[in-house]
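Hydrogens, waters and symmetry mates are skipped; everything else that's a heavy atom, side chains included, is used.
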Amino acid sequence: MAIWNKLTQAYLQGNKTLFEAFMLADKDGNIINSFGVASNIPISAGLVDGYGHINKFGASSDDIASGTIWDGNGVGNANDVVYPYPADSVIAVTSASNVGAGVLVEGLDADYNAVSETINIGATGATVFSRIFRARMVDTNNDSDVSLTMGGTEAARIIEDKAQTLMAVYTVPAGKTAYLIKTQMGSDKASTNASLKYTLMARDNVAGSPFQIKGISYAAGGQSVTMEYPVPLKFTEKTDIRMDVLALNGGQTCSATFDLILVDNPT
């Protein structure tokens with residue numbers, strides 16, 4: 001930084017300070033503006049080495065009074081369910097319809113590396129998963145609910161005619177750091193019916209670590225609430241992240257979305 005002398009109308013010589021600046025560039029060396037939504041388009045397009053993006057969106061399948069916002073919460077009597085995080089296992093896929101249809105499962109393997117496998121309805125996969133965070137129908141709609149279980153515990157569900165899971169649940173892969181930039185939550189009832197408390201929960205991978213609250217938001221029924229993080233929240237590798245809700249004064253069908261920028265850890 002050079003200092004301007006008003007008397008001589010010139011910069012003072014030999015009076016300079018050097019500052020380190022961090023700039024993000026795409027694969028062609030173009031500097032990316034760090035301000036505004038448009039600056040993230042190259043990341044979404046896969047043009048920035050070592051950077052990626054995850055958009056997680058979830059919803060309860062019916063009215064719930066509490067628990068995690070995912071489509072396994074609110075199904076029949078299985079409501080008010082906190083996401084169970086089953087033990088590592090292969091995945092069994094079942095449904096009353098579309099037997100033999102392919103389901104693409106995305107998640108993490110036993111070492112927390114990103115993995116995917118296509119498993120037919122009525123079959124069991126070969127890959128050991130530690131986490132599931134998304135599943136979708138490959139080439140047909142699902143005419144009935146599709147259940148994905150790990151060791152007999154339901155880890156994901158595709159609601160009839162949705163063709164994809166709705167899970168406000170994610171785990172940071174090994175070798176990555178996640179930066180949370182935005183959350184949005186809402187419900188379906190009129191504001192006079194109930195109020196809601198949304199809690200962002202996270203648990204690191206240290207043995208015995210509990211889930212800790214990382215954010216809390218309140219809204220009237222039927223209204224949405226958005227939280228933006230100009231300075232993103234940082235989550236290290238293997239951290240479990242989920243969005244829970246408490247619907248006061250009665251149950252509601254709830255939804256949640258969160259956006260994460262994934263950055264490769266230094267090697």
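Between the NZ atom of Lys238 and the CG atom of Leu108 there is a distance of 10.0 Å, given to the nearest 0.5 Å. For the atom pair CG of Asp71 and OG of Ser255, the computed distance is 12.0 Å after rounding to the nearest 0.5 Å. Taking NZ of Lys234 as the reference point, atom CG of Leu180 lies at 14.0 Å (rounded to 0.5 Å). Residue Ser61 holds its OG atom at 13.5 Å from CD1 of Ile158, rounded to the nearest 0.5 Å. The CD1 atom of Ile54 sits 5.5 Å away from the CG atom of Leu262 when rounded to the nearest 0.5 Å. We find the CZ-CG distance between Phe129 and Asp109 to be 8.5 Å, quoted to the nearest 0.5 Å.
A donor-acceptor contact shorter than 3.5 Å is absent between the side chain of Asp111 and the backbone of Asn113. The backbone N or O of Asp145 sits less than 3.5 Å from a side-chain atom of Ser95, completing a donor-acceptor pair. When atom types are taken as modelled, the side chain of Glu106 and the backbone of Ser116 share no donor-acceptor pair closer than 3.5 angstrom. In this structure a side-chain-to-backbone donor-acceptor pair under 3.5 Å is present from Tyr83 to Ala155. Listed for the Ser224 side chain is no donor-acceptor partner under 3.5 Å among the backbone atoms of Met185. Judged purely by atom type and a 3.5 angstrom limit, Asp264 has no side-chain atom pairing as donor or acceptor with the backbone of Lys176. When atom types are taken as modelled, the side chain of Lys56 and the backbone of Phe133 share a donor-acceptor pair closer than 3.5 angstrom. A distance-only check finds a donor-acceptor pair linking the side chain of Asn142 to the backbone of Ile159 [under 3.5 Å].
At a threshold of 4.5 Å between side-chain heavy atoms, the hydrophobic network of Ile, Leu, Val, Met, Phe, Trp and Tyr places Val93 and Val128 in two separate groups. Val115 and Ile91 fall within a single hydrophobic cluster, where Ile, Leu, Val, Met, Phe, Trp and Tyr side chains are chained together by heavy-atom contacts under 4.5 Å. The same ILVMFWY cluster, assembled from side-chain heavy atoms under 4.5 Å apart, contains both Val172 and Tyr112. Following chains of ILVMFWY side-chain contacts shorter than 4.5 Å, one can reach Ile64 starting from Leu200, so the two form part of one hydrophobic cluster. Taken together through direct or relayed side-chain contacts under 4.5 Å among Ile, Leu, Val, Met, Phe, Trp and Tyr, Met150 and Trp70 form parts of separate hydrophobic clusters.
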Go through Val146 and Thr165 one step at a time and tell me if the side chain to side chain contact (heavy atoms under 4.5 Å, CB included) criterion holds.
CA-CA 9 Å; Val146 177; Thr165 52; over 6 Å; no
Going through the distances and angles, do Tyr51 and Val263 end up as a side chain to side chain contact (heavy atoms under 4.5 Å, CB included)?
CA-CA 5 Å; Tyr51 283 70; Val263 182; 3.6 Å; yes
Please step through side chain to side chain contact (heavy atoms under 4.5 Å, CB included) for the pair Phe235 and Lys214, ending with a clear verdict.
CA-CA 10 Å; Phe235 297 101; Lys214 298 300 182 180; 4.1 Å; yes
Side chain to side chain contact (heavy atoms under 4.5 Å, CB included) evaluation trace for Val169 with Arg131
CA-CA 10 Å; Val169 175; Arg131 298 288 189 271; over 6 Å; no
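Closest approach of Ala220 to Ser187, counting heavy atoms only: O-OG, 4.4 Å. Pairing each heavy atom of Leu246 with each of Ser66, the nearest pair is CD1-CB, 4.1 Å. When all heavy atoms are compared, the tightest approach of Gly221 to Leu196 is CA-CD1, 3.6 Å. For Ala219 against Tyr198, the heavy-atom pair with the smallest separation is CB-CE1, 4.2 Å.
Side-chain contact check for Thr199 and Asp244: no donor-acceptor pair (N or O, by modelled atom type) lies under 3.5 Å. Side chain to side chain, Thr171 and Asp240 meet the donor-acceptor criterion of an N or O pair below 3.5 Å. Remark: the Asn73 side chain and the Thr68 side chain contain no N/O donor-acceptor pair separated by less than 3.5 Å.
Inter-residue side-chain proximity for Thr127 and Val105 is flagged as unmet; no heavy-atom pair is nearer than 4.5 Å. Between Asn141 and Asn98 there is no side-chain heavy-atom pair separated by less than 4.5 Å. Contact of the Leu260 side chain with the His53 side chain is not registered, since no non-hydrogen atoms from C-beta on lie closer than 4.5 Å. With contacts defined as side-chain heavy-atom distances shorter than 4.5 Å, the pair Phe57/Arg134 qualifies.
The six-membered or imidazole ring of Tyr85 lies near that of Phe211, with a centre-to-centre distance under 6.0 Å.
The number of heavy-atom neighbours closer than 6.0 Å to CZ of Arg203, taken from other residues, nucleotides and ligands shown, is above 12.
Take Glu154 and apply the salt bridge (Lys or Arg N to Asp or Glu O under 4.0 Å) test, not counting sequence neighbours, and it matches Arg157.
Checking each of Thr226, Asp259, Val225 against Gln184 for a side chain to side chain contact (heavy atoms under 4.5 Å, CB included) leaves exactly one that passes, namely Thr226.
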